[in-house]
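First the proteins, then the strands, lettered A, B, ... as listed; each starts at 1.
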2 protein chains.
Amino acid sequence: SADAYLKDPAAIYAESFRIIREEADLSAVPPEAEALAVRMIHACGMTDIVADLAISEGAVAAGVAALEAGAPILCDSEMVSHGIISARLKQQNKIVCRITDPRTRRIAEKNATTRSAAQVDLWTDDLLEGAIVAIGNAPTALFRLLERLDEGAPRPALIIGMPVGFVGAAESKAALLADSRGVPFVTLSGRRGGSALAASAVNALAIGTEGQ
Amino acid sequence: SADAYLKDPAAIYAESFRIIREEADLSAVPPEAEALAVRMIHACGMTDIVADLAISEGAVAAGVAALEAGAPILCDSEMVSHGIISARLKQQNKIVCRITDPRTRRIAEKNATTRSAAQVDLWTDDLLEGAIVAIGNAPTALFRLLERLDEGAPRPALIIGMPVGFVGAAESKAALLADSRGVPFVTLSGRRGGSALAASAVNALAIGTEGQ
C-alpha cells in the first residue's frame, strides 16, 4: 500500500535535510557553504557529490550580496530558469534565459556553435556586470563565458558552473577551476552536474539555512 | 586556453553517444530500449545508472505508439516540461504541468500534501487515459498517481517514474516496480532520478536512435 508515505512538504524537507546531514561528509565544506552543499545534495539524491564540489573563497557571500542587490540571474537553459524558486527571490531578481531568442539561432549558425553558447553573447555587458550566472547544461556555454571574460567583458558576481555530460563538461569546469578570471565560483568537477544542481545552488543562496 | 573545445552540436552529440556506447555496459538492456538508456545516460553524465534502470516489457513500444497517437505528456514539474524538446514531437503532443494552477494550491492545502501530488488530481480522466506520465521530481506525485490508479482512474500508456531524493523517491519507485497497476513503465531504482532524466526519456521516445 502507498498509504503511509510522508505528504507534508515541510516534514519532507526536514526529514530530507536530516538524512543528508546524517549521511553526508560535510567536514571539508566551509561553514558558510554548508546550506549550499546540503541543498545541492537534496537536488540530486547523491551525498558523494561533496567530494567533487569546489567553492571559491567568498563565493557564497558574493552570491548572497548579488541577490540582495537585485542582480539578474543568467541561465543557460530553460530547465535552470524554471528550477529557480522565483517566490524566494526577495528582490524579484530578473531570471534571464535567451536560448529561444531568435537572435540566438542566428549567432549559433554564424559561429558554428551551440545555441547554448550563442546566447552567452546576448548576455550584454549591463546584464553580465554583477550578475549571477547559472550554467546547468552546456559545457559550450561555460567555455564561451570564459572567452567573453578573456575578451574583457564585465565580471559577474558569481559563476555557478554545473554543465553535465561526456564532452566538455569536465574540461570546461576544470578551466573554470584553474582560472576563474577573478570571479567567485561554485562548480562540481567531473561529468556530473545539471540544471537541477545549478538551480538548487541559486535557491540555496536565496533561502539560506532555513529549515536545515 | 579554451580555444580547442568542440562546438558543433551534431559533433558533440555524436562524440557523447560514442563515449557512452564505449563505456556503458548495455548488455542487460533490451535492444529496443538501448536508445532510451543511452539518452538517459547522456542527460546525467553517469554510465552506472544502467544498473538501476527498470524498463517493463513493451514500455518503449507503448511510449512510441502513444506519442504517435498524439497522447499528452503529463509532467510533475516545470523543469520536466521545459526539458522536453517540443520541436521533436511530431504530433505536437500537449505538454501538461499544472503545478502553478491556482487549483493545485487549494487541493494541496485541503489534502495536506505537496503541490506536486495535488496537481495529479488535475490530470483529469480524459487527459490521463493513454497519456505519457513523466515524473521527474516528486515522490508524492508518483505515490498519488498509484493511488488514483487504485481508485480506478483510466490507465496511461506509460509511466516514466524518476522522482529523486531522500524521502519517498526509492520507496515510490519500488512501489511502481512491484505493481505498476498494469501500466508499462520506465524507472530508476534508488534515490537518483530527476527532471533531466524524465525529460530525456520522453525525448528518447520522440527521437529514437537518430544520431546514436
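Of all heavy-atom pairs between A/Arg191 and B/Gly45, the closest is CB-O, 3.6 Å.
With a 4.5 Å cut-off on side-chain heavy atoms, A/Phe166 and B/Glu22 do not count as touching.
Between chain A and the residues B/His82, B/Met46, B/Glu15, the largest count of heavy-atom pairs under 4.5 Å involves B/His82. Of the listed residues B/Asn137, B/Ile41, B/Asp179, the one with more heavy-atom pairs under 4.5 angstrom with chain A than any other is B/Ile41. Heavy-atom pairs under 4.5 Å with chain A were tallied for B/Val164, B/Asp8, B/Val80; the largest tally goes to B/Val164. With respect to chain A, the highest number of heavy-atom pairs below 4.5 Å among B/Thr47, B/Ile20, B/Leu6 belongs to B/Ile20. For the set B/Glu23, B/Arg144, B/Glu171, the count of heavy-atom pairs under 4.5 angstrom toward chain A peaks at B/Glu23.
Close approach to chain B, defined as a heavy atom under 4.5 Å from one of its heavy atoms, is seen in A/Ala112, A/Thr113, A/Thr114 of residues 89-122 of chain A, taken by number.
B/Ala138 does not touch chain A: none of its heavy atoms, backbone or side chain, sits under 4.5 Å away. Proximity to chain A is limited to the side chain of B/Ile19, based on heavy atoms less than 4.5 angstrom apart.
Here OG of A/Ser81 is found 9.5 Å from CD of B/Glu78. Values are rounded to the nearest 0.5 Å.
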